[in-house]
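This report refers to the structure that appears directly beneath it.
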Amino acid sequence: MIKLPGLIDTHVHLREPGAAQKEDFETGTKAAIAGGYTTILDMPNNPEPTVTLNTLEKKITLTKSRIYCDLGFHFGATLDSVAYFPKVKDKVFGLKVYMNHTTGGLLQENPQVLKKIFEAWLNDRVIMVHAEGPSLEKAISLSKQFNSKLHVCHVSLAEEIRLIKQAKDQRLSITCEVSGHHLFLTDEDLGRLEGFGKMRPPLPSKKDQKALWEAIADGTIDTIASDHAPHTKEEKSSNNPPNGVPGLETTLPLLLTAVSEGRLIIDDIIRLCHTNPKRIFNIPDQPDTYVEVDPTIRYTLYAIRLYTKCSWTPFEGMKVIGKIKRVVLRGNLVYDNGQVSDPPKGQVIYPKK
Ligand code: NCD
Ligand code: ZN
Ligand code: ZN
Ligand code: ZN
């Protein structure tokens, strides 16, 4: 048995309020616990986006007695949400800026608006960007101009890794994350997965994926996140499927499998899924909290065994090695051999001062 600290996933879409048919606070945080995460941070791109104090407080109220892991929030960036920055700064972990088209209506393309956003956000709190390819150059140059603490979400291209390395060499305050699906699936899986393999950024080529693994090895990549982005089966099998795949319950088993194959070591998992996210986002401590995994158990991933409400996974049928046996949160056994226990023991968290 291996003991891991409670893992931290800083990029999760729990979908409530507004799209609870895809996921809600109960099912999403149960999925987190079952996946070995005791802390997750929720993204603001709901149908009614988290861009005011009111929408943030509504989310916090909705979680009452319903969350199984600790849960914090990110705030959405728009021209109008800038006015709320001082009011929400101690309640959220990061500001999320969408610089490309993806799920939700938060796209910011106007250079003047982007400047205002980067200028107004606090320099000691993270600005996360969805910035693919050319947008990433814009994000880096804005963060340079305004001394921002930039965190690049879901990098998926060799070119993005190159830009981030370059920025790190220039001593800019920049960190980046990679998503599980970009490490374990490629564009060659698209034929089989169809709409169920559609996400932003899209699945990488084999060559880009190789660059991601190299960037893990050389320390360029700081965190691994699931980018858990559930949509219903109906939506994903339609003619115009929305972007996004669930990942909370599959990321750790896939990473443990990579350990069994010698592509990672356990310390990499701890660094990328606990120590680094904790430091970058100022996440509070969880005393007496840990995850026990048996690294020798072989099994197959099936959606039917998952807690996520969307009840599918792009990893259906994949063989993995390494199983999460128990999760303990603040001394409470909250997951034991496949079962998340009631009542929920999670709490809403705020950044450490
Ligand atoms: C995410 C979603 O559905 O909310 N989709 C995705 O493809 N990754 C949004 C995002 O993270 O870009
Ligand atoms: Zn556009
Ligand atoms: Zn994104
Ligand atoms: Zn996302």
Side-chain angles (χ1 to χ4, degrees), residues 8-25 28 31-32 37 40-51 59 72-77 93-109 126-136 138-139 150-157 160 176-185 187 189-190 193-204 212 223-236 238 240-248 250-251 277 281 308-310 312-314:
I8 298 170
D9 191 344
T10 59
H11 187 156
V12 173
H13 304 266
L14 290 185
R15 306 299 193 200
E16 204 180 335
Q21 73 281 9
K22 301 174 198 259
E23 194 78 281
D24 62 42
F25 285 126
Y37 294 100
I40 62 176
L41 304 181
D42 178 52
M43 284 292 173
N45 64 331
N46 300 69
E48 186 191 352
T50 316
V51 291
K59 267 191 177 175
F73 297 98
H74 296 307
F75 198 61
F93 286 84
L95 179 73
K96 180 67 179 282
V97 190
Y98 289 90
M99 297 177 68
N100 297 98
H101 291 273
T102 185
T103 307
L106 285 173
L107 177 68
Q108 306 302 323
E109 289 182 306
V126 174
I127 292 196
M128 276 165 293
V129 287
H130 177 130
E132 299 178 37
S135 300
L136 180 55
K138 287 187 216 162
L150 190 70
H151 181 74
V152 183
C153 292
H154 46 43
V155 296
S156 69
L157 301 173
E160 293 167 353
C176 70
E177 110 201 343
V178 64
S179 309
H181 44 263
H182 293 132
L183 291 175
F184 296 100
L185 297 170
D187 55 7
D189 295 296
L190 266 176
L193 291 170
E194 299 182 333
F196 293 88
K198 207 177 153 229
M199 80 282 291
R200 297 310 305 178
L203 286 174
L212 300 178
T223 70
I224 296 177
S226 69
D227 189 9
H228 181 80
H231 297 283
T232 66
K233 280 184 191 168
E234 290 67 34
E235 291 168 320
K236 290 299 264 183
S238 72
N240 190 19
N243 287 303
V245 300
L248 275 170
T250 45
T251 304
F281 289 88
T308 177
K309 196 187 268 188
C310 73
W312 61 274
T313 165

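Both counts, for ligands and for their atoms, begin at 1 and track the order of listing.
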**Report entry** The one among N46, N243, D227 that brings a heavy atom closest to atom 8 (N) of ligand 1
**Finding:** D227
Query raised in the report: With respect to atom 2 (C) of ligand 1, which of T103, V12, V245 exhibits the smallest heavy-atom separation?
Result: T103
Ligand 1-proximal atoms of [X], by part, heavy-atom distance under 4.0 Å:
{"X": "H231", "result": "side chain"}
{"X": "M199", "result": "both"}
{"X": "M43", "result": "neither"}

Query raised in the report: For R15, is the nearest heavy atom under 4.0 Å from an atom of ligand 1?
Result: yes
Query raised in the report: For H11, is the nearest heavy atom under 4.0 Å from an atom of ligand 1?
Result: yes
Could you state the interatomic distance from [atom1] ([X]) to [atom2] ([Y]), rounded to the nearest 0.5 Å?
{"X": "T103", "Y": "N46", "atom1": "OG1", "atom2": "CG", "answer": "11.0 Å"}
{"X": "C176", "Y": "M128", "atom1": "SG", "atom2": "CE", "answer": "14.0 Å"}
{"X": "H11", "Y": "D42", "atom1": "NE2", "atom2": "CG", "answer": "10.0 Å"}
{"X": "H151", "Y": "F93", "atom1": "NE2", "atom2": "CZ", "answer": "13.5 Å"}

Query raised in the report: Is the Zn ion (ligand 3) less than 2.8 Å from at least one N/O/S atom of C153?
Result: no
Query raised in the report: Does any N, O or S atom of H130, backbone or side chain, fall under 2.8 Å from the Zn ion (ligand 3)?
Result: yes
Query raised in the report: How close does the nearest protein non-hydrogen atom get to atom 9 (C) of ligand 1, and which residue and atom is it?
Result: T102 OG1, 3.2 Å
Query raised in the report: Can you tell me which residue and heavy atom of the protein come closest to atom 7 (O) of ligand 1, and the distance to 0.1 Å?
Result: R200 N, 2.8 Å
[X] heavy atoms, cut-off 4.0 Å: which ligand 1 atoms fall inside?
{"X": "N45", "answer": "2 (C), 4 (O), 9 (C)"}
{"X": "A229", "answer": "1 (C), 2 (C), 3 (O), 5 (N)"}
{"X": "H154", "answer": "11 (O), 12 (O)"}
{"X": "G244", "answer": "5 (N), 6 (C), 7 (O)"}

Query raised in the report: Are any of the N or O atoms of K96 closer than 3.5 Å to those of ligand 1?
Result: no
Using a 3.5 Å distance criterion without hydrogens, assess whether the side chain of [X] forms a donor-acceptor pair with backbone atoms of [Y].
{"X": "D24", "Y": "E16", "value": "no"}
{"X": "E109", "Y": "L107", "value": "no"}
{"X": "K59", "Y": "T50", "value": "no"}
{"X": "E177", "Y": "H154", "value": "yes"}
{"X": "K96", "Y": "V129", "value": "no"}

**Report entry** Near-ring test H13/H228, centroid separation under 6.0 angstrom
**Finding:** no
Query raised in the report: Only one of I8, V12, T10 forms a side chain to side chain contact (heavy atoms under 4.5 Å, CB included) with L41, so which one is it?
Result: T10
**Report entry** OD1 (D227) to the Zn ion (ligand 4) to NE2 (H13) angle, given to the nearest 10 degrees
**Finding:** 100°
Query raised in the report: Is there an N/O/S atom in H154 that lies less than 2.8 Å from the Zn ion (ligand 4)?
Result: no
Query raised in the report: Just wondering, is there an N, O or S atom on H228 that's nearer than 2.8 Å to the Zn ion (ligand 4)?
Result: no
Query raised in the report: Among K236, K22, E23, which one satisfies side-chain hydrogen bond (donor to acceptor under 3.5 Å, both in side chains) with H231?
Result: K22
